[in-house]
Amino acid sequence: MRSPVLHGELVRLRPVEARDADRLWASLRDPDGGRLTGMGTNAASSRAEVDAWAATAADLPGRYDWAITSAAVRDGELVSDDLLGEISLDRVDLELRSANLRLRMMPDYRGRGYGREAIGEVLRFAFDGDSGPGLHRVSLAVISINPRARALYDSLGFREEGRLRDAFRDGQGWADAVVMSILEDEFRAAVGTD
């Protein structure tokens with residue numbers, strides 16, 4: 001499943017490439033990002049695994065992976081094509097028309113609207129039956145200690161479906177995983193399309 005290039009006003013989403021490995025590695029080593037996503041700082045056990053994943057992510061079956069980059073243009077050229085974050089549709093099931101969404105932003109780009117717009121572009125692609133997979137349902141899990149992410153997903157139309165109690169470690173304590181989803185008709189109603 002090759003990830004197409006998607007364009008918004010703030011972001012340009014392009015397939016993850018081998019050149020993104022340095023920034024992906026830095027993202028995975030960010031303690032705040034790891035804590036807020038429940039992925040910890042040891043999500044990948046080695047730099048070699050991150051390098052290998054970045055080099056092959058664009059062609060992995062059952063998923064779409066994008067590097068979130070800036071859409072800013074100067075003199076007709078992109079200002080930068082550096083990875084600001086990563087967004088994925090994984091566990092794509094074309095029979096059930098469902099997938100899981102995952103987002104992770106680099107520390108300097110959180111809370112600036114890039115993630116919101118990236119999610120919108122990915123959902124537009126996900127629910128499009130012409131150029132996208134024509135999904136019916138997109139789900140995600142947000143860790144309960146991340147109210148900012150929860151508020152973002154709520155504002156985009158995701159609805160809580162339930163909780164996985166004490167599913168993640170948070171230091172010496174525990175945190176719930178809040179399972180949320182959005183259906184194609186809910187997305188279309190939120191963005192005003194049929």
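Since the model is a prediction, treat every value here as computed from it, not as a measurement.
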Q | Heavy-atom donor-acceptor pair, Ser27 side chain to Arg23 backbone, under 3.5 Å | A | no
Q: Would you mind checking if Asp51 and Arg47 are paired as a salt bridge, meaning a charged N to carboxylate O distance below 4.0 Å?
A: yes
Q: Please name the residue in the list Val16, Leu83, Ile87 that meets the side chain to side chain contact (heavy atoms under 4.5 Å, CB included) test with Trp66.
A: Ile87
Q | Test item: Arg110 and Asp30 side chains (from C-beta on) under 4.5 Å apart, heavy atoms | A | yes
Q) Within the distance-only criterion (no hydrogens, no angle test), does the side chain of Ser70 pair as donor or acceptor with the backbone N or O of Ala72 below 3.5 angstrom? A) yes
Q) Is the shortest distance from a Lys or Arg side-chain nitrogen in Asp65 or Arg2 to a carboxylate oxygen in the other one below 4.0 Å? A) no
Q. Does the side chain of Asp128 pick up a donor-acceptor pair with the side chain of Ser131 at under 3.5 Å?
A. yes
Q: Determine, using the 4.5 Å side-chain heavy-atom cutoff (strictly less than), whether Leu10 and Leu156 are members of one ILVMFWY cluster.
A: yes
Q) Roughly how far, to the nearest 0.5 Å, is the CG atom of Leu135 from the CZ atom of Phe187? A) 11.5 Å
Q. Under 3.5 Å, side chain of Arg63 to main-chain N/O of Asp59, donor-acceptor pair present?
A. no
Q: Determine, step by step, whether Phe127 and Leu123 satisfy the side chain to side chain contact (heavy atoms under 4.5 Å, CB included) criterion, reporting the C-alpha distance in whole Å, the side-chain angles of both residues, the deciding distance to 0.1 Å, and the verdict.
A: CA-CA 6 Å; Phe127 294 129; Leu123 290 176; 4.0 Å; yes
Q) Would you say the side chain of Tyr153 lies within less than 4.5 Å of the side chain of Asn146, judging by non-hydrogen atoms? A) no
(Q) Closer than 4.0 angstrom, basic N to acidic O: yes or no for Arg137 and Glu184? (A) no
Q.
Using a 3.5 Å distance criterion without hydrogens, assess whether the side chain of Glu117 forms a donor-acceptor pair with backbone atoms of Val11.
A. yes
Q. So, for Arg116 and Ser155, which heavy atoms are closest and what is the spacing to 0.1 Å?
A. NH2-OG, 2.8 Å
Q: May I have the step-by-step check of side chain to side chain contact (heavy atoms under 4.5 Å, CB included) for Ser181 and Leu140, ending in yes or no?
A: CA-CA 6 Å; Ser181 72; Leu140 58 84; over 6 Å; no
Q) What heavy-atom pair brings Ala21 and Val50 nearest, and what distance separates the two atoms? A) O-CG1, 3.8 Å
Q. Within a strict 4.5 Å, meaning less than it, do heavy atoms of the Thr69 and Leu13 side chains meet?
A. no
Q) If Ile, Leu, Val, Met, Phe, Trp and Tyr residues are connected whenever their side-chain heavy atoms lie under 4.5 Å apart, and connections chain through other members, are Val122 and Leu94 in the same group? A) yes
Q: Test side chain to side chain contact (heavy atoms under 4.5 Å, CB included) on Arg104 and Leu28 and set out the steps.
A: CA-CA 9 Å; Arg104 187 174 182 125; Leu28 290 172; 4.2 Å; yes
Q.
I need the minimum non-hydrogen distance between Pro133 and Tyr64, along with the two atoms involved.
A. CB-OH, 4.0 Å
Q. Is the Tyr109 ring parallel, tilted or perpendicular to the Tyr114 ring (thresholds 30°, 60°)?
A. perpendicular
Q. Would you say the side-chain atoms of Glu186 pair up with the backbone N or O of Leu183, donor to acceptor, closer than 3.5 Å?
A. yes
(Q) Between Val92 and Asn100, is there a side-chain heavy-atom distance shorter than 4.5 Å? (A) no
Q.
Between Arg12 and Asp81, does any NZ, NE, NH1 or NH2 come within less than 4.0 Å of an OD or OE carboxylate oxygen?
A. yes
Q: Would you indicate whether the side-chain heavy atoms of Leu101 and Leu89 approach each other to under 4.5 Å?
A: yes
Q. So, for Pro15 and Ala58, which heavy atoms are closest and what is the spacing to 0.1 Å?
A. CB-CB, 4.0 Å
Q) Can a salt bridge be assigned to the pair Arg14 and Asp20 using a cut-off of 4.0 Å between side-chain N and carboxylate O? A) yes
Q | Nearest-0.5 Å distance that lies between atom CE in Met180 and atom OG in Ser139 | A | 11.0 Å
(Q) Assess whether a salt bridge exists between Asp93 and Arg91, defined as any Lys/Arg side-chain N lying under 4.0 Å from an Asp/Glu carboxylate O. (A) no
Q. Does some side-chain heavy atom of Ile68 sit less than 4.5 Å from a side-chain heavy atom of Leu103?
A. yes
Q. Are any of the side-chain heavy atoms of Trp53 and Leu24 separated by less than 4.5 Å?
A. yes
Q: Run the salt-bridge test on Asp176 and Arg165 with the 4.0 Å N-O cut-off and return the result as yes or no.
A: no
**Q.** 4.5 Å side-chain heavy-atom contact, Glu86 and Met105
**A.** no
Q. Can you list the steps and then say if Ser144 with Arg163 is a side chain to side chain contact (heavy atoms under 4.5 Å, CB included)?
A. CA-CA 9 Å; Ser144 60; Arg163 287 179 176 261; 3.8 Å; yes
Q. Quick check: are there more than 12 heavy atoms from other residues, nucleotides or ligands sitting under 6.0 Å from CZ of Arg159?
A. no
**Q.** Taking every non-hydrogen atom, the tightest pair across Ile145 and Pro147
**A.** O-CD, 3.1 Å
Q) Nearest heavy-atom pair of Ser80 and Asp82: which atoms, and what distance? A) OG-N, 3.1 Å
